[in-house]
Amino acid sequence: VAWGHAKYGGDSSAVRDELKGVVQIQSTGRAFAAILEDGSVITWGDACSGGDSSAVRDQLKGVLQIQATEKAFAAILEDGSVVTWGNADGGGYSSAVQDQLKGVQQIQATREAFAAILADGSVVTWGYGGDCSAVQDQLRGVQQIQATVTAFAAILEDGSVLPWGNAYEGGDSSAVQDQLKGVQQIQATCEAFAAILADGSVVTWGDAYNGGDSSAVRDQLEGVQQIQAAGGAFAAILQDGSVITWGDADCGGDSAAVREYLKGVVQIQATFFAFAAILEDGSVVAWGHAKYGGDSSAVRDELKGVVQI
């Protein structure tokens with residue numbers, strides 16, 4: 001069932017009869033793509049943003065996973081190959097690297113580019129701003145890739161990190177490169193990265209205002225279990241169930257107003273401008289921009305027994 005702006009995915013009536021046995025849905029900024037039980041794909045929404053997959057429909061068989069940029073989709077098939085569609089400059093055109101896209105295990109996306117991890121741990125990129133040629137020889141044994149709006153960061157098998165893309169939005173980690181050892185996980189805002197190390201500490205880089213500078217809370221970032229990201233801020237859950245935030249205050253980077261309630265936190269979810277935390281007792285605490293999810297006071301009494309957001 002779809003709702004919202006009809007032109008941008010809110011109206012699925014044209015494909016309603018085909019939307020049966022849906023197992024997964026992915027979205028660009030203005031379109032949806034649904035994987036059915038038989039491995040086929042149904043799309044709807046803005047045609048220029050991936051809502052029209054008619055040109056590749058015959059190829060979309062045995063689809064396992066779909067990833068999306070702002071205006072294009074990339075599907076991994078059972079045989080490890082990839083099918084793309086949508087805006088050509090935004091990742092919808094992969095012909096230049098199609099012969100390299102074999103044994104694909106995982107795909108990550110910035111706003112306009114894709115990066116695929118192959119079975120041998122190497123990486124193939126396409127789309128605007130995704131060029132990894134400057135670090136291609138170092139991209140070996142890649143375990144995971146995370147992305148901001150214009151940059152990628154890969155965790156290698158030795159626990160080090162290799163970024164590329166827009167230097168100001170996470171593509172350059174030279175200032176903290178010697179600290180990026182034993183990296184377990186990376187999370188990203190729109191313009192910055194945060195890496196959790198094996199010892200539970202955190203290293204950040206990218207745009208300072210949007211979470212790339214965690215110096216104000218560095219001493220508190222110990223025993224970090226999980227990090228969630230809004231558009232311009234990070235929220236870290238510590239071992240004791242408390243939460244530390246940093247980044248743009250308008251995006252939830254300042255949680256001082258609710259700090260006393262952030263105890264026994266088990267999960268955090270985010271919009272672009274706000275965070276919502278589920279506590280052990282099933283209640284919810286929200287903060288950030290009031291208009292965009294940061295104020296849950298109107299439904300606070302109903303938020304009981306919450307298991308997922």
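Position 1 is the first residue of the sequence, and the numbers go up from there. Below, all heavy atoms of this structure are taken into account, side chains as well, without hydrogens, waters or symmetry copies.
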* Between atom CG of Leu19 and atom CD1 of Ile25, what is the distance when rounded to the nearest 0.5 Å? -> 7.0 Å
* Structure fact -> Taken to the nearest 0.5 Å, the spacing of Ile268 CD1 from Ile237 CD1 works out to 4.0 Å
* To do: For Ser54, enumerate each residue passing the side chain to side chain contact (heavy atoms under 4.5 Å, CB included) test, keeping only those at least two apart in sequence or located in another chain.
  => Asp52, Arg57
* To do: Check whether any side-chain N or O of Thr189 sits under 3.5 Å from a backbone N or O of Gly211 as a donor-acceptor pair, and report yes or no.
  => no
* So, does Glu157 use its side chain to make a donor-acceptor pair with the main chain of Gly141 at under 3.5 Å? -> no
* Check side chain to side chain contact (heavy atoms under 4.5 Å, CB included) between Gln100 and all other residues, then give those that pass, not counting sequence neighbours. => Val97, Val124
* From CD (Gln226) to CD (Gln185), nearest 0.5 Å -> 7.0 Å
* Under the side-chain hydrogen bond (donor to acceptor under 3.5 Å, both in side chains) test, residues paired with Asp240 that sit two or more places apart -> Ser242
* Connected via hydrophobic side-chain network under 4.5 Å: Val23 and Phe73 -> yes
* Residues forming a side-chain hydrogen bond (donor to acceptor under 3.5 Å, both in side chains) with Thr28, sequence neighbours excluded -> none
* Kindly say whether Val161 contributes a backbone atom to a donor-acceptor pair with the side chain of Gln177 at under 3.5 angstrom? => yes
* **Stepwise side chain to side chain contact (heavy atoms under 4.5 Å, CB included) test for Thr150 and Arg111** => CA-CA 6 Å; Thr150 60; Arg111 182 171 55 198; 3.8 Å; yes
* **Asp254: side chain to side chain contact (heavy atoms under 4.5 Å, CB included) partners, not counting sequence neighbours** => Ala249, Ala256
* Asked: Checking side chain to side chain contact (heavy atoms under 4.5 Å, CB included) for the pair Val265/Leu279: CA distance, chi angles, key distance, verdict?
  -> CA-CA 4 Å; Val265 174; Leu279 308 191; 3.5 Å; yes
* To do: Report the residues that fulfil side chain to side chain contact (heavy atoms under 4.5 Å, CB included) with Ala115, sequence neighbours left out, ordered by chain and then residue number.
  => Val123, Thr125, Ile145, Phe152, Trp164
* **Which residues share a side-chain hydrogen bond (donor to acceptor under 3.5 Å, both in side chains) with Tyr261, sequence neighbours left out** => none
* If a pair satisfies ring pair (Phe, Tyr, Trp, His ring centres under 6.0 Å) and one of its residues is in residues 208-238, list it, with sequence neighbours excluded. => Phe234-Trp246
* **All side-chain hydrogen bond (donor to acceptor under 3.5 Å, both in side chains) counterparts of Ser296, not counting sequence neighbours** => none
* Structure fact -> The reported gap from CD in Gln269 to CD in Gln228 (rounded to nearest 0.5 angstrom) is 5.0 Å
* All pairs passing side-chain hydrogen bond (donor to acceptor under 3.5 Å, both in side chains) where residues 79-88 contributes a residue, at least two apart -> Asp79-Ser81, Thr84-Ser94
* To do: Tell me, please, which residues at least two apart from Tyr8 pass ring-ring contact (aromatic ring centres under 6.0 Å, His included).
  => His5
* Asked: Should Phe193 and Val183 be counted in the same cluster of Ile, Leu, Val, Met, Phe, Trp and Tyr side chains packed under 4.5 Å apart?
  -> yes
* Structure fact -> In this structure, CD of Glu191 is separated from CG of Asp207 (nearest 0.5 Å) by 4.5 Å
* To do: In sequence, state the C-alpha distance, the side-chain angles, and the governing distance for Glu112 and Lys71, and then conclude on side chain to side chain contact (heavy atoms under 4.5 Å, CB included).
  => CA-CA 7 Å; Glu112 298 181 284; Lys71 295 183 178 180; over 6 Å; no
* Pairs touching residues 106-127 that satisfy ring pair (Phe, Tyr, Trp, His ring centres under 6.0 Å), sequence neighbours left out -> Phe114-Trp126
* To do: Please round to the nearest 0.5 Å and tell me the distance separating atom CG of Leu118 and atom CG of Leu139.
  => 10.5 Å
* Asked: Linking I/L/V/M/F/W/Y whenever their side-chain heavy atoms sit closer than 4.5 Å, directly or via other members, would Ile309 and Val299 fall into one cluster?
  -> yes
* Asked: Is the backbone N or O of Gly90 less than 3.5 Å from a side-chain atom of Thr69, with the two atoms forming a donor-acceptor pair by type?
  -> yes
* Linking I/L/V/M/F/W/Y whenever any side-chain heavy atoms sit under 4.5 Å apart, do Ile155 and Trp205 land together? -> yes
